[in-house]
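Read the structure below first, then the notes.
Per chain, numbering begins at 1; letters A, B, ... match sequence-line order.
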Amino acid sequence: MTPAGHRDKAERITQSLQKCRPSDHEAVIEGAMLAGSHWFNLGLHRLGVLPPDRDVMHAEFLTKAERLKIGLVAEDMVEALEEIEGSRALFVRGTAPGGEDAARRALECLRRIREAALAARPIRGGAPP
Amino acid sequence: MKVAGHLEKVKRFDAVRGRLDPGEDFELWFWMTLSAGTNALNAALHRVGATDDGEYFCTQAVDVYLGLDEASGTWKPAIRFGCDIIHVGMPEIDKPLPPALEGACRAMEVLEEVRDPCVRGDAAVTAEVIAACDAAYRECLALTGRVLGPAGWDLP
């Protein structure tokens with residue numbers, strides 16, 4: 001998917017998140033995961049780590065080699081997406097206490113992913129796609 | 001997860017779904033639809049004994065669940081079989097299902113087929129796609145309701 005397509009999707013989902021309340025912690029975490037994934041892919045395409053015809057569905061699905069490489073060029077971006085993804089089992093699919101706090105953290109992680117993606121520049125130089 | 005826990009999730013996802021516009025907010029609206037439907041299906045699967053209702057929470061790795069370790073008070077992953085499903089077919093259910101739940105699974109497959117192209121990808125979200133998702137969701141709730149309703153469990 002093109003970088004512009006990822007940006008459109010991420011911005012639409014973020015706009016939809018405005019309709020959620022803090023108590024909707026499952027929806028907030030899921031929305032942050034979806035929007036964060038699109039920003040993450042935008043960042044990877046801009047860095048030149050992945051071509052636009054290859055997207056990552058989840059940070060936790062990265063191979064060890066991919067995780068190492070992305071960590072070297074965008075550690076905060078990948079850590080933030082991992083944190084969102086790591087909260088889903090307990091608070092979205094499960095009923096562990098602390099869902100609202102997890103949702104607040106997810107939104108902060110989303111902000112970090114967006115910031116990193118927009119700041120990303122090709123690691124081999126040149127203009128970002 | 002217990003039936004009551006799944007049904008509470010259905011209500012919570014359905015409530016957010018009701019505040020979203022299926023066109024303007026398609027991605028999150030769809031995700032609430034998918035999540036509510038999956039929880040309704042999990043509740044019904046537990047009700048008929050097809051899957052285990054233990055308090056183990058699905059991770060993204062099929063058959064790996066988080067459970068509370070009472071001694072340490074921390075959540076620990078473990079391999080388990082026959083617990084909550086993440087999506088239809090993940091994991092496969094190895095017990096026979098009543099016709100209503102076979103139908104609910106087919107309804108959920110309609111949603112699953114939309115997930116990657118229209119949410120992860122940039123396939124066009126048409127009025128037909130939205131209508132098909134809405135119909136599949138309602139079908140899933142109606143069919144799981146046939147199993148849950150007689151036991152006194154209500155769905156939205």
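With a threshold of 4.5 angstrom between heavy atoms, Ala96(A) approaches chain B through its backbone and through its side chain. The part of Asp116(B) that comes within reach of chain A is its side chain, from C-beta onward, which places non-hydrogen atoms under 4.5 angstrom from that chain. Of the two parts of Tyr56(B), neither the backbone nor the side chain holds a non-hydrogen atom closer than 4.5 Å to a non-hydrogen atom of chain A.
Nearest heavy atom pair, residue Leu20(B) against residue Ser16(A), reads CD2-O, 3.9 Å. Looking at every heavy atom in both residues, Met1(A) comes nearest to Arg120(B) through SD-O, 3.4 Å. Taking every heavy atom of both residues into account, Ala89(A) and Cys58(B) meet most closely at CB-O, 3.2 Å. Closest non-hydrogen pair, Gly94(A) versus Lys9(B), comes out as O-NZ, 2.8 Å. Shown here for Met33(A) and Trp31(B), the closest heavy-atom pair between the two residues is CE-CZ2, 3.8 Å.
Interatomic distance, CZ of Phe30(B) versus CD1 of Ile13(A), reported as 11.5 Å (0.5 Å rounding). The structure places OG1 of Thr59(B) at 7.5 Å from CZ of Arg93(A), a figure rounded to the nearest 0.5 Å. Note: Glu27(B) CD to Leu34(A) CG = 8.5 Å, rounded to the nearest 0.5 Å. Atom OG in Ser35(B) sits 9.0 Å away from atom CD in Glu26(A) (nearest 0.5 Å).
The hydrophobic cluster containing Leu155(B) does not contain Val147(B), counting ILVMFWY residues as joined when their side-chain heavy atoms lie under 4.5 angstrom apart, directly or transitively. With hydrophobic clusters built from ILVMFWY side chains whose heavy atoms lie under 4.5 angstrom apart, Leu111(B) shares a cluster with Val129(B).
Contact annotation: the side chain of Thr95(A) approaches that of Phe57(B) to within less than 4.5 Å [non-hydrogen atoms, C-beta and beyond]. Counting heavy atoms from C-beta on, the side chains of Cys20(A) and Leu28(B) come closer than 4.5 Å. The shortest side-chain heavy-atom distance between Val92(A) and Phe13(B) falls under the 4.5 Å cut-off. Taking 4.5 Å as the limit, some side-chain heavy atom of His25(A) sits within range of a side-chain heavy atom of Arg12(B).
Within the 3.5 Å criterion, the main-chain N or O of Val119(B) finds a donor-acceptor partner in the side chain of His38(A).
No more than 12 heavy atoms of other residues, nucleotides or ligands shown are found within 6.0 angstrom of CD on Glu92(B). By the neighbour-count criterion of 12 heavy atoms within 6.0 Å, atom CZ of Arg121(A) is densely surrounded, having more than that number from other residues, nucleotides or ligands.
Between Lys9(A) and Asp122(B) there is no salt bridge, since no side-chain nitrogen of the basic residue lies less than 4.0 Å from a carboxylate oxygen of the acidic one.
Under the side-chain contact (heavy atoms from CB on, under 4.5 Å) test applied with Glu24(B), the options Arg12(A), Gln15(A), Lys19(A) reduce to a single match, Lys19(A).
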